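First comes the structure, then the notes that go with it.
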Amino acid sequence: MKIAVDPVFERRLNEVGDRITVAIDQLIPSASGPEAQLMRAMRHGALGRGKRIRPFIAIEVGRMFGAPEKALLRAAAAIECVHAYSLIHDDLPCMDDDDIRRGQPTVHKAFDEATAVLAGDALLTLAFEIMASPETHRDAVMRCRLIERMAHAAGPRGMVGGQMIDMRPEIDGEDPLQVLTRMQRLKTGAMITFAGEVGALLGGAHDHERQAVAGFTTDLGLAFQIVDDLLDVEGDEETLGKAIEKDKDAGKVNFVTLLGVEGARERVIYLAAQAKQHLSSFGTRASLLVQTVDFVLNRRH
Ligand code: GRG
């Protein structure tokens with residue numbers, strides 16, 4: 001499964017990641033009063049060493065269709081704020097109860113639980129404020145579209161719905177692989193798919209182009225989750241920046257427990273090839289996105 005990741009791709013991913021970090025830092029308000037702790041907790045949760053893969057997808061899909069850079073950067077920053085919120089809440093004792101995230105104490109450990117809940121809430125609402133601002137796009141119809149799609153991807157029919165299934169899978173009588181695939185599609189897949197959609201919408205892509213991008217992000221999202229499950233058994237905690245064997249310890253079903261390590265690897269390779277196939281009609285314009293697939297396959301954190 002090892003494919004060398006192009007250094008040009010890595011430099012581009014790092015560049016985008018740095019720009020997103022700076023943008024979010026500037027978008028989180030500064031405060032000196034009693035609410036200053038909230039802003040510190042938001043920065044702690046959002047500015048750590050994340051891969052910024054969702055913003056990268058949004059920006060690179062957008063560039064492929066000639067979308068305006070400022071709109072892309074702000075919308076991508078909003079996506080990363082939603083992601084950061086989800087990680088903060090996912091780490092809480094009432095959910096996954098994790099102490100380490102991105103190689104540093106989780107927000108409720110560095111601060112306290114109430115602050116972590118509020119920091120997550122504030123990042124989520126900040127994301128909508130960013131998307132709704134005329135600074136992101138002058139056309140109100142486009143802004144409404146982005147807001148509606150983001151709410152859909154993050155909400156009950158997307159990430160939050162998937163998290164609920166993850167907490168109470170109720171597999172009785174159903175095919176566990178089907179339940180798991182649906183859960184993943186909502187919990188992890190919806191925001192990855194939304195990232196591609198943002199680039200396509202802001203770039204004015206045609207319907208058939210948007211469908212190709214959606215096919216790519218759907219397969220990539222599933223591959224991403226299966227790799228996450230493989231890293232849970234094969235990764236090391238220091239590189240991952242979080243605890244491993246969490247699913248095993250919690251007695252949870254995941255793609256590796258259902259398919260086995262080899263079966264999971266085969267599934268990832270199949271999905272990766274399919275994800276690349278969706279991009280074939282874009283030719284060399286999609287080469288960075290094609291390399292994103294290899295990056296996801298090779299990721300160690
Ligand atoms: C609590 C509302 C709510 C939702 C939680 C996305 C999510 C839903 C939880 C994240 C927990 C998790 C480990 C999910 C599996 C895959 C995944 C999304 C990993 C984290 O994303 P990365 O690898 O993280 O992109 P970085 O740190 O690189 O940004």
Side-chain angles (χ1 to χ4, degrees), residues 13-14 16-17 20-21 24 44-58 76-77 79-104 106-108 113 116-117 119-125 127 150-151 153-168 180-181 183-195 217 220-233 235 237 239-247 249-250 252-256 264 268 292 295-301:
L13 179 64
N14 291 336
V16 167
I20 290 295
T21 304
I24 295 177
H44 182 95
L47 304 181
R49 57 157 227 228
K51 294 180 287 301
R52 314 285 189 251
I53 195 79
R54 296 158 189 78
F56 183 77
I57 292 168
I79 293 171
E80 186 64 16
C81 286
V82 173
H83 174 58
Y85 127 76
S86 78
L87 298 181
I88 295 171
H89 281 195
D90 188 65
D91 290 335
L92 285 167
C94 61
M95 300 226 187
D96 259 12
D97 194 10
D98 273 303
D99 296 349
I100 301 285
R101 165 75 62 186
R102 295 174 165 173
Q104 60 178 8
T106 45
V107 176
H108 66 275
E113 268 182 63
V117 170
D121 293 344
L123 281 163
L124 177 63
T125 42
M150 185 161 80
R157 285 173 293 168
M159 184 175 69
V160 176
Q163 178 76 351
M164 189 75 243
I165 301 172
D166 193 22
M167 305 205 73
R168 291 168 206 274
L180 189 63
T181 305
M183 185 275 280
Q184 177 286 325
R185 206 158 267 158
L186 301 179
K187 181 180 139 171
T188 324
M191 283 303 294
I192 293 179
T193 301
F194 175 62
T217 46
L220 182 72
L222 185 51
F224 184 93
Q225 179 64 59
I226 302 177
V227 170
D228 210 66
D229 293 348
L230 281 164
L231 289 173
D232 192 49
V233 289
E237 294 196 353
T239 318
L240 271 174
K242 63 178 183 180
I244 59 165
E245 305 211 317
K246 287 284 295 178
D247 286 347
D249 293 348
K252 267 189 178 174
V253 167
N254 68 27
F255 286 100
V256 174
V268 168
T292 309
F295 173 79
V296 163
L297 250 67
N298 282 312
R299 74 188 182 96
R300 303 313 302 162
H301 67 95

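Read the numbers this way: they start at 1 and go in the same order the structure lists the ligands and their atoms. On a predicted model such as this, the values are computed, not experimentally measured, just so you know.
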Quiz prompt | Which atom of Leu92 lies closest to which atom of Ala116, heavy atoms considered | solution = CD2-CB, 3.8 Å

Quiz item: For Pro55 and Glu80, which heavy atoms make the closest approach, and how far apart are they?
Solution: CD-OE1, 3.2 Å

Practice problem: Would you indicate which of Arg54, Lys187, Met159, Gln225 comes nearest to atom 18 (C) of ligand 1 when only heavy atoms are counted? | Solution: Arg54

Quiz item: Relative to ligand 1, is Lys51 under 4.0 angstrom through side chain, backbone, both or neither, heavy atoms considered?
Solution: both

Practice problem: Could you tell me whether Ser86 and ligand 1 have an N or O pair separated by under 3.5 Å? | Solution: no

Quiz item: Which of the atoms in ligand 1, numbered in the order shown and given with their element, are less than 4.0 Å from a heavy-atom of Gly50?
Solution: 26 (P), 27 (O), 28 (O), 29 (O)

Quiz item: Is ligand 1 under 4.0 Å from a heavy atom in the side chain of Asp166, in the backbone, in both, or in neither?
Solution: neither

Quiz prompt | Proximity winner for atom 1 (C) of ligand 1, if only heavy atoms of Val82, Val227, Asp90 are counted | solution = Asp90

Quiz item: Within 45° of the six-membered ring axis of Phe194 and under 6.0 Å from that ring's centre, is NZ or CZ of Arg54 located there?
Solution: no

Quiz item: In chain order, what residues pass the side chain to side chain donor-acceptor pair (under 3.5 Å) check against Ser86, with sequence neighbours excluded?
Solution: none

Quiz prompt | Residues which pass ring pair (Phe, Tyr, Trp, His ring centres under 6.0 Å) with His108, listed by chain and number, not counting sequence neighbours | solution = none

Quiz item: Is Met167 touching ligand 1 with its side chain, its backbone, both, or neither, if touching means heavy atoms under 4.0 Å apart?
Solution: neither

Quiz item: Would Met191 count as a contact of ligand 1 if the rule is a heavy atom under 4.0 Å away?
Solution: no

Quiz item: Under 4.0 Å from any heavy atom of Arg299, which atoms of ligand 1 are there?
Solution: 23 (O)

Quiz item: Would you say Arg49 has any N or O atom under 3.5 Å from an N or O of ligand 1, going by distance alone?
Solution: no

Quiz item: Would Asp228 and Arg299 count as a side chain to side chain contact (heavy atoms under 4.5 Å, CB included) if you check the C-alpha gap in whole Å, the side-chain angles of each, and the deciding distance to 0.1 Å?
Solution: CA-CA 9 Å; Asp228 210 66; Arg299 74 188 182 96; 2.8 Å; yes

Quiz item: Heavy-atom contact under 4.0 Å between Arg52 and ligand 1?
Solution: no

